[in-house]
Amino acid sequence: YWSVTGVQTCALPIPTIKDVAERAGVSVGTVSRVINSGGSISARAIERVEAAIRDLDYSPNVSARQLRTGRSGTIGFCTRDITNPLFSQMARAFQDVLEDHGLTLLISNAFDDPKRERDMVRRFIDQSVDGLILAPSIDDGAQIVEMATAQRIPVVVLDRDSPAPAIRVMSEHVGGMKQAASYLLDLGHRDIALITGGSAHLAGRNRVEGFRRAFKARDLPVPEHRILQGNFSREYGWTAASSLLTGPNPPTALICGGTPHLLGALPVVHSAELSIPGDLSLISCDDFDVTQLYRPAITVVRRDINAIGRTAAQAVVNLIEGIEMPAHAFRIPTELVLRNSCAPPGSLPANLG
């Protein structure tokens, strides 16, 4: 018994695996096999053990399990910023796969700070994670990959030119951006601007390459002065859009190369009192609630974020379990999804639904 402000209470004992075994009427070994999915166990025994675990609100001792199995049952995800809808949707897809394998997802934000990123990876290593999914702030992410692989921790890298032995899950940014720019050129636009990530990011470089290819395929000069590259932040989207849209000669079309860029650009569009698509045709990369619910709905270069998440999570599971994979890079296609945010220069479509 112990007392808080004069009131006596009794601390309830924490249930043990022995308590679960007694409640279920089975041996401790059977309970252990049910918890760790090992051995041959009858469906009836599993049902009784699971019922006892629920009744007693029993939680296995994680430290003891790690000593016994050599695994912590956790996967670390180091991302730039989980508030970005792209990464939050991806994390949900990770979790769906990992939970099927009894694994827990741990998330940390690096905010595009390489030092913070290294610190986060060190902490994950100190926590003995079984694997890592990384979205490095710099392109190859070689240092943080080497930190993990030196500890024999399997690594999957998202959208970066990371060295082996890391598995990479890549998006076909070049083709998607070429489709977007080509579509605007076919509508008659020639003064097209692009806001995207810097050259230190694979996605930024690839989107610029796709943009240029669309012009070159038509023997048109590339508007290099309209290509603005910076970080993948809402602040940069606002700054770049302000420089493009508030001057005397704004472009007739704008492609936002990332979700944060679009979120930064839209307030500038409103403050400049530009109508979409009458004054400005608009395309964004990646599809999420804003692009679908905005009016007019925004044309996007879409990639299957759930497929990226499932592929990355399954890859890290395979690495943990020693399953060989045929490739060190998985490539996820992109596609242009047409909506109502684009029109020929200076025109206003009859239907903006």
Side-chain angles (χ1 to χ4, degrees), residues 80-81 83-89 111-112 171 173 176-177 179-181 183-185 187 189-199 201 203-208 210-212 214 223-303 305 334 336-343 345-346 348-349 352:
R80 298 203 308 273
D81 186 354
T83 63
N84 183 331
L86 171 73
F87 292 117
S88 57
Q89 185 178 347
F111 304 118
D112 275 335
S171 299
H173 297 298
M177 183 56 66
Q179 288 181 59
Y183 172 62
L184 292 171
L185 291 170
L187 287 175
H189 292 276
R190 295 296 180 267
D191 191 1
I192 305 170
L194 170 64
I195 301 173
T196 190
S199 57
H201 298 92
R205 293 199 310 275
N206 282 358
R207 284 169 177 153
V208 170
F211 184 81
R212 288 172 174 155
E224 297 288 346
H225 66 295
R226 295 298 202 189
I227 300 174
L228 301 186
Q229 291 185 266
N231 59 38
F232 280 101
S233 70
R234 187 179 302 198
E235 292 74 20
Y236 180 71
W238 183 89
T239 300
S242 296
S243 68
L244 289 167
L245 303 179
T246 59
N249 296 300
T252 63
L254 171 64
I255 304 175
C256 291
T259 296
H261 299 148
L262 176 67
L263 295 176
L266 286 176
V268 178
V269 172
H270 286 289
S271 64
E273 298 184 343
L274 298 173
S275 68
I276 298 173
D279 299 319
L280 180 74
S281 287
L282 180 63
I283 296 178
S284 185
C285 291
D286 294 322
D287 200 10
F288 64 113
D289 290 348
V290 169
T291 55
Q292 298 173 40
L293 298 176
Y294 191 82
R295 289 295 176 263
I298 298 172
T299 293
V300 296
V301 178
R302 182 168 63 193
R303 49 182 164 161
I305 302 302
T334 55
L336 183 66
V337 179
L338 301 180
R339 294 187 177 130
N340 299 310
S341 62
C342 299
L348 191 64
L352 294 180

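The first residue of the sequence shown is numbered 1, and numbering continues consecutively from there. Just so you know, these numbers come straight off a predicted model, no measurement behind them. All values below come from the heavy atoms of this structure, side chains included, with hydrogens, waters and symmetry mates left out.
- Exactly one residue among D286, D287, T334 makes a side chain to side chain donor-acceptor pair (under 3.5 Å) with R303. That residue is D286.
- To the nearest 0.5 angstrom, Q89 atom CD is 10.5 Å from N84 atom CG.
- Listed for the S281 side chain is a donor-acceptor partner under 3.5 Å among the backbone atoms of A343.
- Residues R80 and L86 have side chains not in contact (no heavy-atom distance under 4.5 Å, counting atoms from C-beta outward).
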Under 3.5 Å, side-chain donor or acceptor atoms of residues 244-259 against the rest of the protein: list the pairs with distances, not counting sequence neighbours.
unit_1	atom_1	unit_2	atom_2	d
T246	OG1	S242	O	2.4
T252	OG1	H189	ND1	2.7
T252	OG1	D191	O	3.3

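- If you take CG on L228 and OG1 on T239, they are separated by 10.5 Å, rounding to the nearest 0.5 Å.
- Aromatic ring orientation, F232 versus H261: parallel (interplanar angle below 30°, classes split at 30° and 60°).
- Here the closest non-hydrogen pair linking A181 and F211 is CB-CD1, 4.0 Å.
- Summarising the geometry of T291 relative to S284, their closest heavy-atom pair is CG2-CB, 4.4 Å, with the distance given to 0.1 Å.
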For residues 262-273, please give each side-chain donor-acceptor pair under 3.5 Å, one per line with the distance, not counting sequence neighbours.
unit_1	atom_1	unit_2	atom_2	d
H270	NE2	Y294	OH	3.1
S271	OG	P267	O	3.2
S271	OG	V268	O	3.0

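- For the atom pair CG (L338) and CD1 (I298), the distance works out to 14.0 Å, reported to the nearest 0.5 Å.
- Here F288 contributes atom CZ and I305 contributes atom CD1; the two are 11.0 Å apart, rounded to the nearest 0.5 Å.
- With rounding to the nearest 0.5 Å, the separation of CH2 in W238 from CD1 in I195 is 12.0 Å.
- The closest donor-acceptor contact from the side chain of S341 to the backbone of T299 lies under 3.5 Å.
- Taking both residues in full, the closest heavy atoms of L185 and R190 are given as O-NH1, 3.0 Å, listed atom of the first, atom of the second, then distance.
- Among all heavy-atom pairs drawn from Q229 and R205, the shortest one is NE2-N, 4.4 Å.
- Formation of a donor-acceptor pair under 3.5 Å by the R226 side chain with backbone atoms of A193 is not found in this model.
- We find the CG-SG distance between L336 and C342 to be 8.0 Å, quoted to the nearest 0.5 Å.
- The pair D81-R234 fails the salt-bridge criterion, with no side-chain N (NZ, NE, NH1 or NH2) lying under 4.0 Å from an Asp/Glu carboxylate O.
- Under the 4.5 Å side-chain criterion, counting only non-hydrogen atoms from C-beta, L194 is in contact with M177.
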